[in-house]
Amino acid sequence: GSTDGTDEKLRQHFPEATVLDGDGGLYWNGGMHLAFGKALSSGADFYLWLNDDTHLLPEALGGMLETCDALVSETGQQGLVVGSSRNAEGATSDGGYRRKAGSAKVLDFQRLEPASKPQPCVTFNGNCVLISAEAANRLGNIDPVFVHNMGDMDYGLRATQLGIPIWVMPD
């Protein structure tokens with residue numbers, strides 16, 4: 001449903017890509033549900049959620065795969081790896097979250113700042129997330145009940161509830 005020519009540019013520059021057409025009313029979560037559902041049928045080893053306005057550092061994907069390897073070595077399980085985003089001023093704007101220490105509220109989270117080592121988290125913003133096939137097979141698709149936002153946070157909470165590890169990649 002995009003009217004800015006994105007679909008034509010994608011088809012022109014990436015003819016091997018699958019471009020899914022929406023109706024303009026899917027918003028973030030609806031578009032993710034449509035695209036991730038299509039991707040899940042491919043049987044890939046990993047799935048990458050990446051917002052179209054997220055710019056990756058050159059080492060980002062390699063770092064995510066290294067973090068995934070570390071996750072398997074430490075926990076014996078495949079899981080999810082979250083990349084943190086920075087805003088124009090360089091401050092962390094999105095990424096993984098943990099529960100606020102001492103808070104009695106169920107949905108009270110604190111964003112994690114990237115550190116020199118991977119950190120476990122309980123949920124995330126879905127701007128840049130690497131999902132192993134094992135985790136995706138257990139979790140399934142993002143929930144279509146959400147319209148624009150919160151589907152990513154819900155996905156992370158469902159992973160945590162199932163004991164699927166989620167780590168924020170370093171740096």
Side-chain angles (χ1 to χ4, degrees), residues 1-4 6-7 18-42 44 46-56 60-61 64 67-68 71 77-115 118-169:
S2 176
T3 59
D4 66 359
T6 299
D7 56 342
T18 301
V19 179
L20 302 175
D21 294 315
D23 61 6
L26 292 174
Y27 303 100
W28 186 85
N29 198 82
M32 289 296 293
H33 179 76
L34 176 67
F36 195 37
K38 177 71 173 177
L40 287 170
S41 68
S42 73
F46 292 96
Y47 303 93
L48 179 67
W49 290 2
L50 183 64
N51 277 16
D52 64 348
D53 60 353
T54 299
H55 301 273
L56 296 177
L61 294 178
M64 292 183 94
T67 303
C68 190
L71 177 104
Q77 297 183 69
Q78 294 278 343
L80 298 88
V81 176
V82 179
S84 299
S85 300
R86 295 185 193 133
N87 62 22
E89 291 77 38
T92 303
S93 57
D94 291 304
Y97 292 84
R98 65 175 172 218
R99 297 192 191 282
K100 276 190 182 173
S103 177
K105 297 178 183 176
V106 175
L107 298 177
D108 199 5
F109 301 109
Q110 175 181 355
R111 186 176 44 247
L112 290 167
E113 289 296 324
Q119 303 173 79
C121 65
V122 297
T123 194
F124 52 83
N125 293 114
N127 294 26
C128 183
V129 183
L130 183 69
I131 305 168
S132 69
E134 182 179 316
N137 289 337
R138 289 184 61 199
L139 285 162
N141 202 346
I142 194 168
D143 194 326
V145 73
F146 300 99
V147 178
H148 179 59
N149 58 9
M150 297 305 293
D152 47 358
M153 297 287 277
D154 173 72
Y155 200 81
L157 292 171
R158 287 193 289 132
T160 296
Q161 186 176 34
L162 290 173
I164 298 169
I166 310 170
W167 284 18
V168 176
M169 71 178 284

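Count residues from 1 along the sequence.
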State the CG-CD1 distance between Asn29 and Ile142, to the nearest 0.5 angstrom. 4.0 Å
Considering all heavy atoms, the nearest Ala136-Leu40 contact: CB-CD2, 3.7 Å
Would Leu48 and Leu61 count as a side-chain contact (heavy atoms from CB on, under 4.5 Å) here? Give the steps. CA-CA 9 Å; Leu48 179 67; Leu61 294 178; 3.7 Å; yes
Between OG1 on residue Thr160 and CZ on residue Arg99, distance to nearest 0.5 Å: 7.5 Å
Taking the side chain as C-beta and beyond, is there a heavy-atom pair between Met32 and Phe146 under 4.5 Å? no
Between Arg138 and Ile164, is there a donor-acceptor pair closer than 3.5 Å when you use the side chain of the first and the backbone of the second? no
Roughly how far, to the nearest 0.5 Å, is CE of Met64 from CG of Leu80? 9.0 Å
Closest approach of Leu26 to Gly31 (non-hydrogen atoms, all atoms of both residues): CB-N, 3.5 Å
Are side-chain heavy atoms of Asp52 and Thr6 found at a separation under 4.5 Å? no
Does the side chain of Tyr155 come within less than 4.5 Å of Val129's, by heavy atoms? no
Distance from His33 atom NE2 to Trp28 atom CH2, nearest 0.5 Å? 12.5 Å
Please check: side-chain N/O of Gln119 versus main-chain N/O of Glu113, any donor-acceptor pairing under 3.5 Å? yes
Got a donor-acceptor contact below 3.5 angstrom from the Asp94 side chain to the Asn127 backbone? no
Side chain Arg98, main chain Pro120, donor-acceptor under 3.5 Å: no
Looking at every heavy atom in both Ser103 and Asp108, which two are closest together, and how far apart are they? OG-OD2, 2.6 Å
Distance (rounded to the nearest 0.5 Å) between Leu50 CG and Leu130 CG: 11.0 Å
Minimum-distance pair of heavy atoms, taken over all atoms of Pro114 and Met169: CB-O, 4.4 Å
Please report the shortest heavy-atom distance between Leu112 and Cys121, naming the atom on each side. CD1-CB, 3.6 Å
Could you verify whether a donor N or O on one side chain and an acceptor N or O on the other, from Asn125 and Tyr97, lie under 3.5 Å apart? yes
Return the CG to CG distance between Asp53 and Asn51, rounded to the nearest 0.5 Å. 5.5 Å
Tyr47 vs Ser42, test: side-chain contact (heavy atoms from CB on, under 4.5 Å). Steps then yes/no. CA-CA 10 Å; Tyr47 303 93; Ser42 73; 3.9 Å; yes
For the residue pair Ser84 and Thr92, what are the closest heavy atoms and their distance? CB-CG2, 4.3 Å
Considering only heavy atoms from C-beta outward, does the side chain of Pro118 approach that of Leu71 to under 4.5 Å? no
Taking the side chain as C-beta and beyond, is there a heavy-atom pair between Phe109 and Leu157 under 4.5 Å? yes
